[in-house]
Amino acid sequence: MKIRLDQLTMKFDETTAVNNLSTTINDGELVSLLGPSGCGKSTTLMLLSGLYKPTSGQIYFGNQDVTKWDAEKRGIGMVFQNYALYPHLSVLKNIMFPLKMQKVPKKEAMERAKEMADLVQIGHLLDRKPGQLSGGQQQRVAIARALVKKPNVLLLDEPLSNLDARLRLEMREEIRRIQQEVGITAVFVTHDQEEALSISDRVMLMKDGIIQQDSMPQWMYKHPENEFVASFLGNPPINLLTIVKKANGYQIGNSDQLLNVPAFTLPKEDNLDVIHIGVRPEDFFVTTNGNQTFTGKIIHIETIGRDTLIRMEIGDTTIRALVDPQHDLQVGDTCRLGVSDTNIHYFNVESGQRLHPVERSMENARETNMEEHA
Amino acid sequence: MGKEALSKGMIYLLLSLGAILMLLPFVWMISTSLKASNEVMAMPPIWIPSEWQWENYSRAAEVAPFGKYFINSVIVTILSTIGELLTTILAAYAFSRIHFYGKGIVFAVLLGTMMVPGEVLLIPNFVTISNLGWIDSYEALIVPWVASIFSIFLLRQYFFSVPKELSYAAKVDGCSDFKFLWYVMVPLAKPALITIGLLKVIGSWNAFLWPLIVTNSQEMRTLPVGLSAFTTEAGVKYELLMAASSMVILPMLILFFIMQKYIISGVARTGIKG
Ligand SMILES: Nc1ncnc2c1ncn2[C@@H]1O[C@H](COP(=O)(O)OP(=O)(O)O)[C@@H](O)[C@H]1O
Ligand SMILES: [Mg+2]
């Protein structure tokens, strides 16, 4: 089912938990709501479920305005962070519960519950009580219970945060598999960027109740709309540097280096004296043939897994870079790092909004396109 | 290790002494119920009757219509227990889960009434009952006892411990408030409800003062009140009184043995002593 949120706002006494949120979630899509704790993800989910009613704005399921409908009527399945299984009921009875409320005949309910239990691979645990299950198993029961009544939408609120790291990885793939097998529209809340980027068709990144960016995961990672998005995604985090306009180009921090990006110009209106640039640690490469963008002194080296993480100082600016361990680098060495200019992100210092340099903007792309077509 | 065993031994010794002390009156009751009347008051006390007078029991049963008393006691106990459980469940749910205007104040007032000793309420309640024309009826024996603030308070605390997500999950699964209460909260609160029910059954079965005041006729008497039949102008027939008392206590004893586990955990939960 297609879902449309139209200028949805939810105010508690003083806090505005969700602020003027509009978006459309397509049928069969898995959308992640991502953001730091307290940014309004759960509240958005509660609004979708009907457990909360918005202060203003509309919610449409298909073409139907369901804003005023109660949770019982909306035909949704929901999985909670602590699973919220009924402790006094067996696994089978837990899964059958929504059907019992719909007055589905017992025999049919039992069959459907068992079918669903098989889908989430807990068919052998039907007689257990929730207290006798591991976290991952409880999770599966919760998903089965949410799906058994064939809901229009599946809502999941941080369903993986109570699991240990390995299980988390396994379960997120499971959730994706089940969601695609059933073909259900799903909204997945998480504060874990890796989780969001890995399983969703689309990510909505929120902060203070406002959507910061709403796009495909890879696009969001490669083209952050503002500094917050840039710094929220990625681990180790993106390097954010200040560059200052001088007569002959932009200078990096208080160093004597100019930013060595050939043919770098900003549109007139963005031609500011001070701007921020962002470069992801993995977008650097070590170079010796003069095409470096940054030159500095290595102050720290550590090996994490298959990568080497170096910290390099340029004036009062420190940057982190993930580099190929083949290079024989030592603390104290002078190091030259290059970056492909498409991997440099420019931000307005005040608003944090992304700036679009002319050379790489649409004009440029269009020209190349036209040449190819000609 | 020896020290530990010693202190453990001391504890058990003390507990055993306490248990014997508690059991003495009970044993005395049974023993008296089997004595001949001349042995009842004998000095020094006789613990084991020289001849066991089993017929005391059948004689006691003939003194008054105990069959009728028994039926009355059963009816009053069952109905007031069911009544109290129902009102407690509904009120506790309302006070723990439903938002309504003045909830805090209403609850504070209810709790306040717990500070009024029951004896003070005896007369106003009697007046109310007689104005209603209920004197000497089941209504008088039952209706004033179908709500207990203490039980509501106890169950409300229990309901609070049920996570909010569970009611959200139930809503999403299609439950109304009432269905959630019935299918989820009540089964979850079973231990608390059993505690409340047991305390009520025991209290109701043993109730003496109120039934004495609001009943006049033999027809409406309950067992504890009926025991007064053994007090005559000629004195108290202790051996018969004890025989009847033993029979009155028997159902509670059986209940206690069946429900021992719940009673003990219930007492631990409510902090009630003795
Ligand atoms: N029931 C509530 N009453 C008052 N404030 C709330 C309530 N629920 C959430 N909030 C506030 O709304 C904001 C967003 O909360 P929430 O949606 O739970 O964030 P998230 O799930 O992203 O961590 C927070 O500031 C929180 O304190
Ligand atoms: Mg949350």
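Letters go in sequence order (proteins before strands), and every chain restarts at 1. Computed from a predicted model, the values in this text were never measured in an experiment.
- In terms of heavy-atom proximity, A/Ala84 sits nearest to B/Leu166 at O-CD1, 3.4 Å.
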Extract the chain A to chain B donor-acceptor pairs under 3.5 Å, no hydrogen or angle test applied.
| residue | atom | partner | partner atom | Å |
| --- | --- | --- | --- | --- |
| A/Tyr86 | OH | B/Ala170 | N | 3.4 |
| A/Tyr86 | OH | B/Asp173 | OD2 | 2.8 |
| A/His88 | NE2 | B/Tyr183 | O | 3.0 |
| A/Lys149 | NZ | B/Val172 | O | 2.5 |

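- Between A/Phe97 and B/Cys175, the closest side-chain pair of non-hydrogen atoms falls below 4.5 Å.
- The contact between A/Leu85 and chain B is made entirely by backbone atoms, counting heavy-atom distances below 4.5 Å.
- The contact list for residues 249-257 of chain B toward chain A, using heavy atoms and a distance under 4.5 Å, is empty.
- The closest side-chain heavy-atom distance from B/Pro187 to A/Leu89 is not below 4.5 Å.
- The one candidate from A/Leu51, A/Val79, A/Leu155 that meets the side-chain contact (heavy atoms from CB on, under 4.5 Å) condition with B/Val172 is A/Leu51.
- Other residues, nucleotides and ligands contribute over 12 non-hydrogen atoms within 6.0 Å of the CG atom of A/Asp164.
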